[in-house]
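Structure, as structure tokens:
Note on naming: letters A, B, ... go to the chains in the order of the sequence lines (proteins, then strands), and numbering restarts at 1 for each one.
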Amino acid sequence: MPLKVYNTLGSRREEFEPLDDSYVRMYVCGPTVYDHPHIGHAKSYVSFDAMVRYLRYLGYKVTYVQNITDVGHLTDDADEGEDKIAKRAARERVDPMELVEKYTRSYFEDMDALNCLRPDISPRASGHIPEQIEIVKTLLERGFAYEVNGSVYFDVSRFSAYGKLSGRKLDELAAGARVEVNPDKKHPADFALWKKAEKGHILRWNSPWGWGYPGWHLECSVMATRYLGETIDIHGGGLENAFPHHECEIAQSEAAHGKPFAKYWLHNNMVTVDGVKMGKSLGNFITLKDAFARHHPLCLRYFVLTSHYRSPLDFSEEAIDAAARGLQRIHNAVAAVRQALQGASEPQGGNDVERLREIERFRERFEEAMNEDFNTPQAIAVLSDLVRWTNQLLASGAPGAAALEKLKSAFDTLGADVLGIVTDTLVGQEAPGGLEGRLVDILIDMRAEARKAKDFKTADAIRERLEKVGVELMDTPEGTTWKRA
RNA sequence: GGCGGCGUAGCCAAGAGGACUAAGGCGACGGAUUGCAAAUCCGUUAUCCGCGGGUUCGAAUCCCGCCGCCGCCUCCA
């Protein structure tokens, strides 16, 4: 069964067929780095990360480009707007490029914690100003743009396909415009390709039209083309950017190159907090660093993947706690398999041939789920079924090494490689060594003595007091183990 | 005002005309196991998919109306 994806361009589910048989060119809009990343970034980039991982699992070679927006853009489309990066840099009293560097690092740090693979290329907008100037020149030459007072605007009336992504109509846009119409524009929907730098605007570059800076839609067109070509397979981004950002990207790129810009447009839905949209300008955003202080990053990742990327995700502490327990269950099973494998001497157990076939069935179900527009919630449901099956197997006797190997491999590919929710170090399994570990071991020994003497009062007291300081003891047939609660 | 989306058990969340007498997770309850716990296993927890009509042999899934919520139309993942 082939992979199907929901294409915003056309608003329907389509079979995925890249331009080249085995190669996928993928571009995803990256962050504007003027603050620490928040949980909205987690939803977006975890979703696209899972897609990249799955495409690679299917055997595609994927070049994944995700830009870093480090050129300040105006807070609105009128000329009054402030440059967010310059504004923040002034507030922190650092050079804009220093600010941008700081938050770029912060961004990668958090994405690494979420186990997102680094993009193959993370181009910065500020490093591609010459290319942006070039495309503006091309658009002027081809008659799709006009210059007014040192600024250049895209002439939307010359591009008849404008609106094909978002379904907007030009006359409706004019009528509903909330922003005061810029008198320099011929049409209210015309957008800036190049903006003249007003006095005091720090981030500026020289151009054929004087000192200025690029319009905010331009960088993605330019960097996608530079690294992936004039037509790419997948362009991803947040739903809120479908209009106007992506619509404008299409207009610029297709007007400049005369060919389709992207074959598939994939948009992830938004994060809400207590049912309300979380947005930078709303000031109600939760940074990932705050969230990580309360939840293991992998739990956040798992939480994101338990809902579909095109559904909104409502963030709440309770929901994440529930997700954390769900992930713990998976990790427990993976740990159990790894442990059983160490002790497995028989190459093959009694029913291993049938078991291998059953494990293969789980893999097929998993792929069926992912093939339906990257249905990670359903894929996780399959993984949960596999967890139950694994626990039953482990409890019911002696599986051979062959079955255990196959199970390990299933968790390693589906859980680790594709979903990225299983890692080498598992949540809640570590019993740290060092002085702390040796002290806990002493207490465990003392408790074992008490239990042996049927002094359960002492034994339970030790366990309860350890629990109060965050150490959880677990009695197993092989002895007592512990972990940080 | 225009455009788009959503409403499934206590909670989160799949399913998009017939394998649905509706996945999976969390929670709760009962049982097995355990000295007691934890982990694990077994069972129960939506006669029903916002409400009202309609189409169909058949609808959570399609159509119409209503109610509620959300997003976009201004920077945002």
Side-chain angles (χ1 to χ4, degrees), chain A residues 8 11 13 28-32 37-48 69 72-78 81-84 163 166-169 171-173 175-179 189 216 236-245 267-272 275-282 285 302-303 306-308 310-314 316 318-330 332-333 335-336 369 372 375-385 387-388 390-392 394-396 451 454 456 459-460 463-464 467 472-477 480-483 485:
Chain A
T8 309
S11 305
R13 214 178 261 212
V28 171
C29 286
T32 302
H38 56 245
I39 54 177
H41 292 103
K43 160 128 172 124
S44 183
Y45 300 121
V46 165
S47 298
F48 287 113
T69 297
H73 295 298
L74 301 185
T75 50
D76 67 46
D77 205 23
E82 290 175 286
D83 175 327
K84 285 176 295 188
S166 58
R168 313 281 158 141
K169 302 206 168 48
D171 41 345
E172 285 165 3
L173 283 171
R178 267 197 256 157
V179 179
W216 62 282
L239 191 58
E240 86 287 357
N241 275 336
F243 187 90
H245 186 52
H267 289 102
N268 70 281
N269 215 131
M270 316 305 286
V271 167
T272 55
V276 180
K277 184 204 172 185
M278 187 188 72
K280 284 188 179 174
S281 53
L282 296 173
F285 66 89
Y302 177 82
F303 175 63
T306 56
S307 89
H308 188 90
R310 287 196 298 111
S311 301
L313 179 68
D314 193 44
S316 69
E318 304 74 58
I320 295 174
D321 285 340
R325 287 185 209 105
L327 181 65
Q328 184 64 256
R329 183 178 151 79
I330 294 172
N332 286 347
E372 290 298 323
N375 194 331
T376 54
Q378 194 146 63
I380 286 174
V382 174
L383 210 58
S384 294
D385 285 341
V387 164
R388 168 164 289 113
T390 299
N391 287 330
Q392 285 170 340
L394 257 23
S396 74
R451 289 178 74 206
K454 304 273 185 215
F456 296 120
D460 290 348
R463 185 170 59 197
E464 278 155 28
E467 194 159 355
E472 191 181 348
L473 299 188
M474 287 135 329
D475 297 325
T476 73
T480 300
T481 61
W482 68 280
K483 65 177 183 181

**Request:** For B/A22 versus B/C63, give the span between their P atoms, rounded off to a whole number of Å.
**Result:** 24 Å
**Fill in**
Per-nucleotide protein contact along nucleotides 10-25 of chain B, 5' to 3', at a 4.0 Å heavy-atom cut-off (B base, S sugar-phosphate only, - neither), is ---SSS-------BSS
**Prompt:** Taking for each residue the nucleotide of RNA chain B bearing the nearest heavy atom, is the 5' side occupied by A/Thr272 or by A/His245?
**Reply:** A/Thr272
**Request:** Check every atom of B/A38, B/A77, B/C42 against the side chain of A/Met474 and return the nucleotide holding the closest atom.
**Result:** B/A38
**Message:** Side chain of A/Pro31 only, heavy atoms from C-beta on: which candidate in B/C36, B/C75, B/A77 is closest?
**Reply:** B/A77
**Request:** Give A/Leu473 one of three labels, base, sugar-phosphate or nothing, depending on what nucleic acid heavy atoms sit under 4.0 Å from its own.
**Result:** base
**Request:** Look at the side chain of A/Thr306 and the backbone N and O of A/Phe303, then say whether any donor-acceptor pair between them is shorter than 3.5 Å.
**Result:** yes
**Asked** Contact class for A/Val28 (heavy atom, under 4.0 Å): base, sugar-phosphate, or nothing?
**Response** nothing
**Prompt:** With a 4.0 Å cut-off on heavy atoms, is A/Gly40 in touch with a base, just the backbone sugar-phosphate, or nothing at all?
**Reply:** base
**Prompt:** Partners of A/Asp460 by salt bridge (charged side-chain N to carboxylate O under 4.0 Å, His left out), sequence neighbours excluded?
**Reply:** A/Arg463
**Message:** Distance check, P atoms only: B/C12 and B/C70, in whole angstrom units.
**Reply:** 15 Å
**Request:** Select one nucleotide: of B/U40, B/A38, B/A77, the one nearest the side-chain heavy atoms of A/Glu472.
**Result:** B/A38
**Fill in**
Output row for RNA chain B, stems defined as at least 3 consecutive Watson-Crick or G-U pairs under 3.5 Å, is B:1-7 with B:67-73, B:10-12 with B:24-26, B:27-32 with B:40-45, B:50-54 with B:62-66
**Prompt:** Does A/Arg451 count as lying over the ring of A/Phe456, i.e. NZ or CZ under 6.0 Å from the six-ring centre, within 45 degrees of the axis?
**Reply:** no
**Message:** Would you say A/Ser47 and A/Asn268 are linked by a side-chain donor-acceptor pair, where the criterion is simply a distance under 3.5 Å?
**Reply:** no
**Asked** Looking at A/Ser384 and A/Arg329, what are the two nearest heavy atoms and their distance?
**Response** O-NH2, 4.5 Å
**Minimum heavy-atom distance A/Ser307-A/Pro312, with the two atoms named** = OG-O, 4.4 Å
**Request:** Taking atom P in both B/G7 and B/G15, compute the distance separating them and give it to the nearest angstrom.
**Result:** 10 Å
**Message:** Under the rule for salt bridge (charged side-chain N to carboxylate O under 4.0 Å, His left out), what residues qualify as partners of A/Arg13, not counting sequence neighbours?
**Reply:** A/Glu372
**Item:** Distance, C1' atom - from B/A16 to B/U61, rounded to whole angstrom
**Value:** 5 Å
**Complete:** Closest to the side chain of A/Arg451, out of B/A77, B/G35, B/A39, is B/G35
**Asked** Under the 3.5 angstrom rule, does the side chain of A/Ser316 hit a backbone N or O of A/Ala319 as a donor-acceptor pair?
**Response** yes
**Request:** For A/Asp460, answer base if it contacts any base atom (sugar-phosphate contacts may also be present), sugar-phosphate if it contacts only those atoms, and nothing otherwise; contact means non-hydrogen atoms under 4.0 Å.
**Result:** base
**Prompt:** Roughly how many Å is it from CD in A/Gln328 to P in B/C26, rounded to a whole number?
**Reply:** 11 Å
**Message:** I'd like the C1' distance from B/A13 over to B/A37, given in whole Å.
**Reply:** 31 Å
**Message:** Just N and O in the side chain of A/Asn391: are any of them under 4.0 Å from OP1 or OP2 of B/C41?
**Reply:** yes
**Prompt:** Would you say A/Asn241 reaches B/C76's phosphate, i.e. side-chain N/O to OP1/OP2 under 4.0 Å?
**Reply:** yes
**Prompt:** Quick one: is A/Gln392 getting a side-chain N or O under 4.0 Å of the B/C42 phosphate, OP1 or OP2?
**Reply:** yes
**Item:** A/Asp475 (side chain) and B/C36 (base): donor-acceptor pair under 3.5 Å
**Value:** yes
**Prompt:** Who passes side chain to side chain donor-acceptor pair (under 3.5 Å) against A/Ser166, sequence neighbours left out?
**Reply:** A/Glu247
**Request:** Classify the side-chain pair A/Asn269/A/Ser311 by whether it contains a donor and acceptor separated by less than 3.5 Å.
**Result:** no
**Item:** Residues which pass salt bridge (charged side-chain N to carboxylate O under 4.0 Å, His left out) with A/Asp321, listed by chain and number, not counting sequence neighbours
**Value:** none
**Request:** Could you measure between the two C1' atoms, the one in B/C11 and the one in B/C3, and give it in whole Å?
**Result:** 32 Å
**Asked** In whole Å, what separates the P atom of B/A60 from that of B/G17?
**Response** 13 Å
